[in-house]
Amino acid sequence: MKKALLIATSALLLSLLFVSAAPAGNMLNPVLIPDQLSVGLGPEYDFTYRPLRLEDDGKIQFMANRILLDVTFNPTSFFGLRLKGGAGDMVFSDPKLDKISGLDYADLAKDNLDDYHTPFNFVGGGGLDFAFLKDPNKIVGLGMSVFGLYQMGSQDDIKVSLLEYGAALTFAVIRLGTVVPYAGFDYTGVSGSMKSTQGGQNDFTMDITNDLDSPVGVFAGLNVVLGDNLRFGLEGRFLNELSGGVNLMYQF
């Protein structure tokens, strides 16, 4: 047990150094879907950083911190439902809006959006997980998942709403005892809007989408089994975003 905790703590510290904080949500580790009907409950913290597009030609950097409560329901050993709810902030920085056609107030909007920061507000979503090849005689387990997360926030008469969604393919190592690493590929997208509600000439509405230059990313993480019903999770996601998360899950 002490060795497993030491490994988990060391990995967490290395990940914090690498991603500057510790995806939107931990991905499925297919090996750890329980073999019987169960309900899980636990806290999660995640950090995400990624480029986004504004309307046609604008770009902006997006960051968010989220504190969530995760609930899982596993009716079988090969299928799981995840629900997430909590609060998160949003930070937008370094907007590049000069090339947006017809945007006469680009400089004004740029001033309003540079280092724009919303306080913590609602975040919620969920996902469906599917697990295969869970035979302990095999080396690698295989899983698939689909997921979505909605976040909203407002500050200084600007309202933001974002929907993050995606799908993932996960490979997990089975034969390492209490430490169960995993890795995979994911496709994630973002859809949303940013609106000024001041009234008058300062009004603007901008559509938000993910940066289509890199919609496919990779992720890696590990779970540490701390007992029959408790596990600790750590994860990082890269290429299409620079994100990470930690969680603790108890299975009833």
Side-chain angles (χ1 to χ4, degrees), residues 19-21 23-25 27 46-68 84-127 146-168 186-219 237-245:
V19 304
S20 301
M27 307 295 296
D46 73 62
F47 167 87
T48 187
Y49 175 86
R50 64 188 301 160
L52 297 177
R53 292 185 182 272
L54 295 174
E55 295 192 350
D56 296 327
D57 299 310
K59 289 189 177 183
I60 197 167
Q61 301 297 327
F62 168 69
M63 293 181 290
N65 296 278
R66 297 152 177 161
I67 300 173
L68 303 166
K84 300 174 180 284
D89 67 346
M90 291 185 279
V91 180
F92 296 88
S93 62
D94 193 26
K96 294 179 173 61
L97 308 177
D98 296 339
K99 295 182 180 180
I100 294 182
S101 58
L103 189 58
D104 297 332
Y105 46 85
D107 290 337
L108 175 62
K110 183 175 181 178
D111 291 339
N112 288 340
L113 299 182
D114 195 17
D115 292 326
Y116 173 70
H117 187 179
T118 73
F120 277 74
N121 212 316
F122 172 77
V123 180
V146 294
F147 50 88
L149 193 70
Y150 175 78
Q151 183 168 356
M152 60 180 292
S154 63
Q155 178 81 348
D156 299 330
D157 299 313
I158 297 176
K159 292 185 177 181
V160 183
S161 61
L162 287 178
L163 174 64
E164 299 174 56
Y165 56 90
D186 67 350
Y187 169 88
T188 60
V190 178
S191 178
S193 65
M194 178 178 289
K195 299 179 180 180
S196 170
T197 60
Q198 290 180 338
Q201 63 180 0
N202 293 340
D203 280 355
F204 61 84
T205 299
M206 296 182 180
D207 293 329
I208 300 174
T209 60
N210 57 304
D211 190 333
L212 297 179
D213 293 336
S214 55
V216 177
V218 297
F219 59 89
R237 300 215 304 247
F238 312 98
L239 296 183
N240 56 352
E241 59 184 298
L242 184 59
S243 305

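When reading the values below, keep in mind they use all heavy atoms of this one structure, side chains included, and skip hydrogens, waters and symmetry mates. Remember, predicted model here, so these are calculated numbers, not experimental data.
In this structure, CE on Met206 lies 8.0 Å from CE on Met194, to the nearest 0.5 angstrom. If you take CG on Leu149 and CG on Leu68, they are separated by 6.5 Å, rounding to the nearest 0.5 Å. Summarising the geometry, atom CG belonging to Leu242 is positioned 11.0 Å from atom CZ belonging to Arg50; distances are rounded to the nearest 0.5 Å. We find the CG-CG distance between Leu54 and Asp207 to be 9.0 Å, quoted to the nearest 0.5 Å. Between atom OG1 of residue Thr118 and atom CE of residue Met152 there is a gap of 10.0 Å, rounded to the nearest 0.5 Å. Atom CD of residue Gln61 and atom NZ of residue Lys96 lie 6.5 Å apart, to the nearest 0.5 angstrom.
Between Ala167 and Val146 the shortest heavy-atom distance is CB-CG1, 4.1 Å. Nearest heavy atom pair, residue Arg66 against residue Val123, reads CG-CG2, 4.3 Å. Considering all non-hydrogen atoms of both residues, Ser154 and Asn121 come closest at N-ND2, 4.4 Å. The two residues Leu239 and Gly217 have their closest heavy-atom pair at CB-CA, 4.0 Å. Considering every non-hydrogen atom in both Asn65 and Phe120, the closest pair reads O-CE2, 3.8 Å. The two atoms that bring Asp89 and Ala64 nearest to each other are O-CB, 3.2 Å, heavy atoms only.
A side-chain donor-acceptor contact under 3.5 Å links Thr188 and Asn240.
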Check your understanding: Could you walk me through whether Val190 and Phe62 pass the side chain to side chain contact (heavy atoms under 4.5 Å, CB included) check?
Key -> CA-CA 11 Å; Val190 178; Phe62 168 69; over 6 Å; no
Exercise for review: Might you work through the side chain to side chain contact (heavy atoms under 4.5 Å, CB included) test for Leu162 and Met90, ending with a clear yes or no?
Suggested key: CA-CA 10 Å; Leu162 287 178; Met90 291 185 279; 3.9 Å; yes
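For Ser161, the side chain to side chain contact (heavy atoms under 4.5 Å, CB included) test picks out Tyr150, Ser193, with sequence neighbours left out. Considering only residues two or more places apart in sequence or on other chains, Tyr165 meets the ring-ring contact (aromatic ring centres under 6.0 Å, His included) condition with none of them. The side chain to side chain contact (heavy atoms under 4.5 Å, CB included) check on Gln155 picks up Tyr116, Pro119, with sequence neighbours excluded.
Counting heavy atoms from C-beta outward, Thr48 and Met63 have side chains that stay 4.5 Å or more apart.
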